[in-house]
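None of the values given here were measured: they were computed from a predicted structure.
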Amino acid sequence: ESCPLVACQVGCQMGCTFCATGTMGLIGDLTAGEIVEQLVHAGTRSPIRNVVFMGMGEPLNNYKAVKGAVTAMIDSRRFGLSPTHVTVSTVGVISKIRQLADDLPQVNLALSLHAPN
């Protein structure tokens with residue numbers, strides 16, 4: 001079974017200087033469908049048990065699409081993942097962390113603590 005890392009944006013606006021994606025700037029947001037499509041392709045290689053939003057981009061800066069994708073992933077008529085098997089990793093977009101806790105309380109949150117030194 002696999003645990004794919006899914007991207008939610010092309011590039012990233014956070015500007016972390018030690019991150020190749022961060023130095024690109026934001027090119028665009030993926031739609032919920034484009035995010036879910038990554039899971040579809042990963043599922044052709046092995047069964048999906050867990051998903052982590054830790055690919056390219058800051059998930060909480062594309063909140064609407066990420067929420068839509070997670071909703072599809074945990075829908076029993078679609079992928080049927082347990083919400084506790086979905087993790088959203090963020091560098092700390094505080095207002096959206098609170099919104100995620102309200103909207104999807106069983107989804108895991110990973111806070112990326114980092115520094116360039």
Side-chain angles (χ1 to χ4, degrees):
E1 295 182 358
S2 69
C3 177
L5 304 179
V6 295
C8 60
Q9 296 178 312
V10 178
C12 182
Q13 70 192 42
M14 300 312 286
C16 301
T17 57
F18 53 86
C19 174
T21 302
T23 62
M24 293 173 60
L26 179 64
I27 296 169
D29 290 330
L30 298 182
T31 65
E34 290 169 327
I35 296 168
V36 169
E37 187 175 359
Q38 296 170 71
L39 200 63
V40 171
H41 288 290
T44 64
R45 304 196 84 159
S46 64
I48 305 299
R49 179 175 158 83
N50 300 293
V51 174
V52 179
F53 283 81
M54 191 186 276
M56 186 179 287
E58 166 53 55
L60 298 184
N61 282 342
N62 189 12
Y63 187 81
K64 183 178 176 183
V66 168
K67 180 183 171 192
V70 170
T71 300
M73 292 172 185
I74 63 176
D75 185 329
S76 62
R77 295 167 295 155
R78 295 179 184 171
F79 292 95
L81 292 174
S82 167
T84 61
H85 288 212
V86 177
T87 300
V88 176
S89 179
T90 179
V91 297
V93 181
I94 302 300
S95 63
K96 296 301 182 182
I97 289 174
R98 291 185 176 121
Q99 189 173 356
L100 181 68
D102 289 342
D103 293 343
L104 298 165
Q106 293 181 315
V107 168
N108 296 304
L109 178 73
L111 186 58
S112 179
L113 302 176
H114 57 277
N117 55 5

Peer 1: For Glu37, enumerate each residue passing the side-chain contact (heavy atoms from CB on, under 4.5 Å) test, keeping only those at least two apart in sequence or located in another chain.
Peer 2: His41
Peer 1: So which heavy atom on Thr31 is nearest to which on Ala65, and how close?
Peer 2: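 Scanning both residues, the minimum pair turns out to be C-CB, 3.9 Å.
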Peer 1: Can you get from Val52 to Leu111 by hopping between Ile, Leu, Val, Met, Phe, Trp and Tyr side chains that sit under 4.5 Å apart?
Peer 2: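 No: no chain of side-chain contacts under 4.5 Å links Val52 to Leu111.
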Peer 1: Which atom pairs, one a donor and one an acceptor, fall under 3.5 Å between side chains of residues 69-81 and the rest of the protein, sequence neighbours left out?
Peer 2:
residue : atom : partner : partner atom : Å
Thr71   : OG1  : Lys67   : O            : 2.8
Asp75   : OD1  : Arg77   : N            : 2.7
Asp75   : OD1  : Arg77   : NE           : 3.3
Asp75   : OD2  : Arg77   : NH2          : 3.0

Peer 1: Under 3.5 Å, sequence neighbours excluded: what are the donor-acceptor pairs made by side chains of residues 95-109?
Peer 2:
residue : atom : partner : partner atom : Å
Lys96   : NZ   : Gln99   : OE1          : 3.2
Asp103  : OD2  : Tyr63   : OH           : 2.7
Asn108  : ND2  : Thr84   : O            : 2.6

Peer 1: Once salt bridge (charged side-chain N to carboxylate O under 4.0 Å, His left out) is applied, what residue pairs with a partner in residues 15-28 remain, sequence neighbours excluded?
Peer 2: none
Peer 1: Kindly say whether Cys8 contributes a backbone atom to a donor-acceptor pair with the side chain of Asn62 at under 3.5 angstrom?
Peer 2: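 Yes: the side chain of Asn62 pairs with the backbone of Cys8.
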Peer 1: Taking side-chain contact (heavy atoms from CB on, under 4.5 Å) as the definition, give me every residue that meets it alongside Ala110, ordered by chain and number, with sequence neighbours left out.
Peer 2: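 For Ala110 the side-chain contact (heavy atoms from CB on, under 4.5 Å) partners, ignoring immediate neighbours, are Thr87, Ser89.
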Peer 1: Can you list the residues that meet the side-chain contact (heavy atoms from CB on, under 4.5 Å) rule with Asn61, with sequence neighbours excluded?
Peer 2: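 Checked Asn61 against side-chain contact (heavy atoms from CB on, under 4.5 Å); matches are Gln9, Gln13, Met14, Glu58, Val93.
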Peer 1: Could you tell me the separation between the CG atom of Leu5 and the CZ atom of Phe53, rounded to the nearest 0.5 Å?
Peer 2: 11.0 Å
Peer 1: Quick one: pull up CE in Met54 and OG in Ser112 and give me the separation to the nearest 0.5 Å.
Peer 2: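 If we round to the nearest 0.5 Å, Met54:CE and Ser112:OG are 6.5 Å apart.
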Peer 1: Restricting to non-hydrogen atoms, name the atom on Ile35 and the atom on Ala7 that form the minimum distance, rounded to 0.1 Å.
Peer 2: CG1-O, 3.7 Å
Peer 1: Restricting to non-hydrogen atoms, name the atom on Cys12 and the atom on Gly57 that form the minimum distance, rounded to 0.1 Å.
Peer 2: CB-CA, 4.0 Å
Peer 1: For a 4.5 angstrom cut-off between non-hydrogen side-chain atoms, does Val51 reach Leu39?
Peer 2: yes
Peer 1: Taking it one step at a time, do Leu60 and Val88 satisfy side chain to side chain contact (heavy atoms under 4.5 Å, CB included)?
Peer 2: CA-CA 8 Å; Leu60 298 184; Val88 176; 4.1 Å; yes
Peer 1: Taking all heavy atoms of Met56 and all of Met24, pick out the closest pair and write down the distance.
Peer 2: CE-SD, 4.2 Å
Peer 1: Who else is in the cluster with Leu26 when I, L, V, M, F, W and Y are joined by side-chain contacts under 4.5 Å?
Peer 2: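 When side chains under 4.5 Å apart are linked, Leu26 ends up in no cluster with other residues.
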